Structure formats: C-alpha cells, structure tokens
Amino acid sequence: MAVQLLNEKVKTAVVPDINGDADTPVGHVSYSLSSVHFNSLSIPSSTFKTVAGIGLQLQISGASASLSGNWHYRKDHWPHISDSGSFDLDVNGLTVTLKTKLGVDSTGHPNIAAAGCSSSIGSVKIHFHGGASWLYNLFDKYVGGKIKRTLQDKLCQETSDLINTNAEKSLSTFPVKKQIDKFAVINYSLVSSPNFTESYADVFIKGEFLSAIIPKEAPFSPTPLPPESESDKMAYIWLTDYVVNTAGLVYQEAGILNETVTPSMLPPNFSYPLNTKTFRLIIPKLYKVYPNRPMNLKVYSTQRPTVSSSSAGVGLKINGNVDVYVQLENGSFVYTFTMGANISTLVKIAVKGNNVTGQVDSIKINVHLVNSNIGDISIDVKLLQIALDVFADTIILKQLNEIGEKGFPLPVVDGVQLVNPEVTRGQNFNLIATDFKYAPTKKAGLRGSEEAKNNIVVF
C-alpha cells in the first residue's frame with residue numbers, strides 16, 4: 001500500500017530549485033535548475049518487515065525515476081550573457097529505507113511516525129534542450145552531486161510524509177469505541193504500545209463491553225493467554241471469554257435480558273398454549289384456582305450470563321427466574337408462583353464479514369420452585385421440565401440466536417476485510433486465524449491490496 005501511494009505522491013511532488021555558480025568556458029556563471037518534477041517512478045522491488053523493539057521498516061530498492069525541469073544561466077561579468085531551456089533527467093539505482101515507530105496515544109488510538117530515513121542514488125543522466133555542449137560538463141562537474149542530494153532528501157521527505165500523514169490518518173479510523181446498540185459500546189482501545197519482534201507484532205487491545213449510559217470497568221479481569229507460534233495466516237486474533245462476559249454484565253445491568261412472554265408470542269401451532277388448562281395435569285392447584293385462564297410469563301436473569309470456552313466448545317450459562325401470572329376475567333393479572341431456571345448451552349462461534357457471531361442449537365433448562373402464592377407445588381414444578389424444554393427451544397433459543405446473529409465487530413481499520421477466517425477453541429479463549437484483503441474506501445488514508453503478516457493479541 002505504501003509503495004503504491006508513494007508512486008502517486010511523487011507525481012505531484014515539486015523538487016526544490018537547485019542553484020549555484022561555476023567557472024565555465026564562457027566565464028564565471030550563476031545557474032539554476034527550476035520547476036523540477038517527477039514524470040514517473042518505477043519500483044520493481046520493495047520489502048516491508050517488522051523491526052524488533054521499534055516498529056516497521058519499508059525498503060525500496062532498484063527503483064528508477066524520470067524527471068523534467070527548466071535550466072537557466074547568466075554570466076556574472078560583462079557581457080552578461082544568459083541562456084535558458086529545458087532538461088530531462090533519468091535516475092537509476094534508487095534505494096530508500098524508512099523505519100517507522102508505532103505507539104499508542106492518550107485516547108488508546110494507535111499512532112505511527114517516521115523514525116529515520118536513508119536513501120541513495122546510483123546514477124543520474126541529464127539531457128539539456130536548447131543549450132551548448134559545455135553544459136554537460138557543468139552538470140558532471142558541479143550539478144550532478146547537488147541534484148543527487150536534493151532528490152535523496154526529497155524522496156525521504158515524501159516517504160516520511162506518507163507515514164506521518166497518510167498512514168497516521170488511516171490508523172485514526174481504528175475503532176477505539178464502537179456503538180453496538182443503545183445499551184452497549186465495545187472498547188477496543190490499545191492498553192499499551194504494540195510489541196515488535198523480527199517476524200511479527202503483538203497488539204494489545206482492551207476488548208471490553210461498556211454501558212452506553214454509565215460506562216464503568218468490569219469487576220473481573222481476563223485470564224492470561226498462551227504463547228502463539230503459528231505464522232501461516234496474516235493475523236491471529238485472540239478473543240478471550242472476558243470480552244463476552246463483560247457483554248453479559250452490561251446487558252444484565254441494562255435489563256435487556258428480561259422478557260414478558262404472552263400467549264400471542266407463541267406460534268399458532270405451538271403444542272402447549274399459554275393457558276392454565278395446559279398445566280391441568282402438571283400443576284393441578286393452578287388450574288383449580290384459575291381454571292382455563294390465559295397466562296403471562298415474566299422471564300428475567302438474576303445473574304449476568306457467563307461463557308466458558310474450552311476445546312470442547314463455548315459453554316453459556318444463564319441463571320434466572322420465571323414469574324407466572326394469570327389473567328382474570330376483568331383483564332387484570334394476578335401473581336401465582338416463581339420458578340428458578342438454570343439454562344446451559346453450547347455456542348458455536350463464527351466470523352461473518354468482520355463480525356464475531358454465535359449460534360445455539362439446543363438448550364438445557366433445570367427448574368426449581370422459588371416462591372408460591374397457591375401452596376406448595378415443589379413436586380409439580382419438577383414436572384414442568386418437559387414443557388419448559390419445549391418453551392426454551394421455541395422462545396429462548398430464538399432470542400439467543402437473534403443476539404448471536406448480530407454479534408459484534410472486530411477491530412479493523414476502514415477498508416480491511418477478513419479472508420477465510422478460521423476459528424479454534426481453547427481454554428478461556430477463541431482464536432481467529434485469518435488473512436486480510438484491503439479495498440480502498442473514502443475514509444481510508446492508504447490504498448493497496450494486502451497487509452503484511454502480523455499477530456494481533458486481543459485482551
């Protein structure tokens with residue numbers, strides 16, 4: 001990306017005028033080369049690699065360029081002879097080496113800056129238009145070295161500006177905080193500067209859900225991650241259980257995990273209508289007190305949902321209560337009893353686009369009596385297990401999969417797309433191994449096709 005953009009930048013770069021004086025066959029003259037500009041830049045070879053303890057290094061080698069400009073000279077003493085014309089310049093054996101340092105600013109955004117540049121030019125050939133032959137000797141003796149130094153400085157200036165301006169602008173789009181919905185945002189700020197080795201970079205990212213209304217830190221911490229030595233993919237994104245567990249905390253405190261289930265919410269062909277008649281044989285006391293009456297179920301979590309990953313899968317646990325209400329003939333509702341429900345399931349983690357998603361295939365639910373206004377029905381509640389299993393697969397499963405299908409976005413800059421992501425599970429984490437494709441957007445500060453290989457650690 002840097003090479004392609006550099007090629008575009010030099011087309012509009014203006015090389016500083018080159019002025020001097022020299023002894024010539026016509027006497028002592030003052031000369032200038034002005035309006036010098038690049039016509040083309042050819043870069044056949046370039047490398048981009050990590051530099052341990054610093055950041056990244058871009059090296060261009062074997063490049064060539066063509067430039068044009070105007071020349072002018074004037075004899076210093078009488079008679080003040082002067083002349084002018086144009087020239088073409090060919091540069092070969094051009095090499096540029098630029099080091100960059102990556103860090104983090106006070107807002108958690110990654111930043112980048114040039115950390116040293118060097119360049120060299122093998123040979124320079126010039127062709128004057130409209131001048132005498134002695135001008136070539138002037139160039140070889142006096143101007144050649146000056147124009148080499150000027151071009152070397154200009155190339156380093158343009159390459160450094162590419163990093164300090166364009167690359168910095170691109171990194172400014174890194175999503176430090178992204179709004180998930182009206183309840184939650186996800187914090188992707190960097191917790192420290194990236195760590196560079198000779199072959200990869202580790203980027204340490206917070207990865208925490210926060211309340212969109214009253215943001216605060218979670219009262220628990222992520223577990224340490226094991227070392228990673230794979231390098232077949234461009235990036236390895238570690239998604240710890242901490243990320244999803246902070247989401248559970250935020251939604252629990254926002255009350256979004258509460259739901260009131262009414263008869264109209266059940267499918268028309270549902271085997272168990274939400275009516276006391278359905279529970280006639282299971283909870284006789286309920287039917288006896290309120291025969292053939294519609295029911296509402298107030299379902300709510302009592303603790304934040306938790307996930308626990310292992311090689312076997314991603315386990316999800318939800319603890320909650322179900323308050324059972326009966327609708328009277330006058331339209332009012334009366335409370336009857338409360339069941340405690342422990343729900344557990346396995347979640348399949350996947351990546352769609354740039355989002356992490358989850359899917360649940362089945363749910364296990366265990367219930368117990370918490371409170372009753374119709375007498376002791378502890379034994380009866382146990383018999384509800386069969387009906388509740390059907391209810392869980394119909395209502396709760398649908399709700400969880402709606403949340404899981406929406407998922408949450410991974411931290412990537414504008415224009416970056418994940419290619420062939422693969423998900424593997426481990427103790428307390430999921431590992432996403434992926435390649436990248438870069439497609440330019442209006443917001444992106446760089447353009448190109450692919451990123452270099454990196455390792456990304458997400459806490």
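Keep in mind that the numbers below use all heavy atoms, side chains included, and drop hydrogens, waters and symmetry copies. All values reported here derive from a predicted model rather than from experimental measurement.
To the nearest 0.5 angstrom, Q303 atom CD is 8.0 Å from Q252 atom CD. Rounding to the nearest 0.5 angstrom, the gap separating the CG atom in L410 from the NZ atom in K178 is 9.5 Å. Here CD1 of I147 is found 5.5 Å from CG of L33. Values are rounded to the nearest 0.5 Å. Here K182 contributes atom NZ and I256 contributes atom CD1; the two are 7.5 Å apart, rounded to the nearest 0.5 Å. Between I237 atom CD1 and L418 atom CG the span is 5.5 Å, to the nearest 0.5 Å. If you take CD1 on I432 and CG on L239, they are separated by 5.5 Å, rounding to the nearest 0.5 Å.
Here F337 pairs with nothing under the ring-ring contact (aromatic ring centres under 6.0 Å, His included) rule; sequence neighbours left out. Residues passing the salt bridge (charged side-chain N to carboxylate O under 4.0 Å, His left out) test with D161 are K9, sequence neighbours excluded. S378 pairs by the side chain to side chain contact (heavy atoms under 4.5 Å, CB included) definition with L369, D376, not counting sequence neighbours. With sequence neighbours excluded, no residue forms a ring-ring contact (aromatic ring centres under 6.0 Å, His included) with Y300. Evaluation of the side chain to side chain contact (heavy atoms under 4.5 Å, CB included) rule for S189 yields V176, N187, K206 as partners, not counting sequence neighbours. For the side chain to side chain contact (heavy atoms under 4.5 Å, CB included) test, residues two or more places apart in sequence or in another chain that qualify with R425 are V314, N430. Residues passing the ring-ring contact (aromatic ring centres under 6.0 Å, His included) test with F183, sequence neighbours excluded: none. In terms of the side chain to side chain donor-acceptor pair (under 3.5 Å) criterion, N354 has no residue partners (sequence neighbours excluded).
Put simply, the side chain of M295 reaches to within 4.5 Å of the side chain of V324, judged on heavy atoms. Between N428 and L225 the shortest side-chain heavy-atom distance does not fall below 4.5 Å. For the pair L257 and P305, the minimum side-chain heavy-atom distance is below 4.5 Å. Between T223 and Y242 there is no side-chain heavy-atom pair separated by less than 4.5 Å. Annotation: side chain of D361 is not in contact with side chain of L346 (no heavy-atom distance under 4.5 Å). Side-chain contact between S32 and N19: present, with at least one pair of heavy atoms (C-beta onward) separated by less than 4.5 Å. Within the 4.5 Å cutoff, side-chain heavy atoms of I363 are placed close to those of L400.
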Q: Go through Y251 and D181 one step at a time and tell me if the side-chain hydrogen bond (donor to acceptor under 3.5 Å, both in side chains) criterion holds.
A: CA-CA 11 Å; Y251 288 119; D181 49 38; 2.8 Å; yes
Q: Kindly indicate, with the supporting measurements, whether the criterion side chain to side chain contact (heavy atoms under 4.5 Å, CB included) is fulfilled by F209 and L249.
A: CA-CA 8 Å; F209 277 78; L249 176 64; over 6 Å; no
**Q.** Candidate pair T306 and N245, rule side-chain hydrogen bond (donor to acceptor under 3.5 Å, both in side chains), full reasoning
**A.** CA-CA 5 Å; T306 59; N245 283 330; 5.2 Å; no
**Q.** salt bridge (Lys or Arg N to Asp or Glu O under 4.0 Å) assessment of K298 paired with E259
**A.** CA-CA 6 Å; K298 183 180 179 181; E259 183 73 82; over 6 Å; no
Q: Let me see the working for E158 and K154 under salt bridge (Lys or Arg N to Asp or Glu O under 4.0 Å), right down to the final yes or no.
A: CA-CA 6 Å; E158 292 296 322; K154 188 61 180 177; 3.3 Å; yes
(Q) Working note: Y200 + N195, criterion side-chain hydrogen bond (donor to acceptor under 3.5 Å, both in side chains); need CA distance, chi angles, decisive distance, verdict. (A) CA-CA 9 Å; Y200 65 87; N195 177 48; 5.9 Å; no
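Using a 30° and 60° split on the angle between ring planes, H129 and H127 fall in the perpendicular class, above 60°.
Pairs engaging residues 108-120 under the side chain to side chain donor-acceptor pair (under 3.5 Å) rule: T107-H109 [sequence neighbours left out]. For residues 111-126, no residue pair satisfies the salt bridge (charged side-chain N to carboxylate O under 4.0 Å, His left out) rule, not counting sequence neighbours. The side chain to side chain donor-acceptor pair (under 3.5 Å) pairs that include a residue from residues 89-98 are Q59-T97, where partners are two or more places apart or lie in different chains.
Using a 3.5 Å distance cut-off with no hydrogens or angles, the side chains of Y335 and N371 do pair a donor with an acceptor. A donor and an acceptor atom, one from each side chain of N319 and T302, are nowhere located under 3.5 Å apart.
Screening V347, V307, V356, I349 for a side chain to side chain contact (heavy atoms under 4.5 Å, CB included) involving V244 leaves a single residue, V307.
The residues K233 and E422 are annotated as salt-bridged, a charged nitrogen and a carboxylate oxygen being separated by less than 4.0 angstrom. A salt bridge between R304 and E253 is absent, with no side-chain N of the basic residue lying under 4.0 Å from a carboxylate O of the acidic one.
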Side-chain donor-acceptor pairs under 3.5 Å in residues 60-70, sequence neighbours left out?
residue: S66; atom: OG; partner: S40; partner atom: OG; Å: 2.8
residue: S68; atom: OG; partner: N39; partner atom: ND2; Å: 2.7
residue: S68; atom: OG; partner: D88; partner atom: OD1; Å: 3.1

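No more than 12 heavy atoms of other residues, nucleotides or ligands lie within 6.0 Å of NZ in K177, so this atom counts as exposed by the packing criterion. Residue K146 places its NZ atom among more than 12 non-hydrogen atoms of other residues, nucleotides or ligands, all under 6.0 Å distant.
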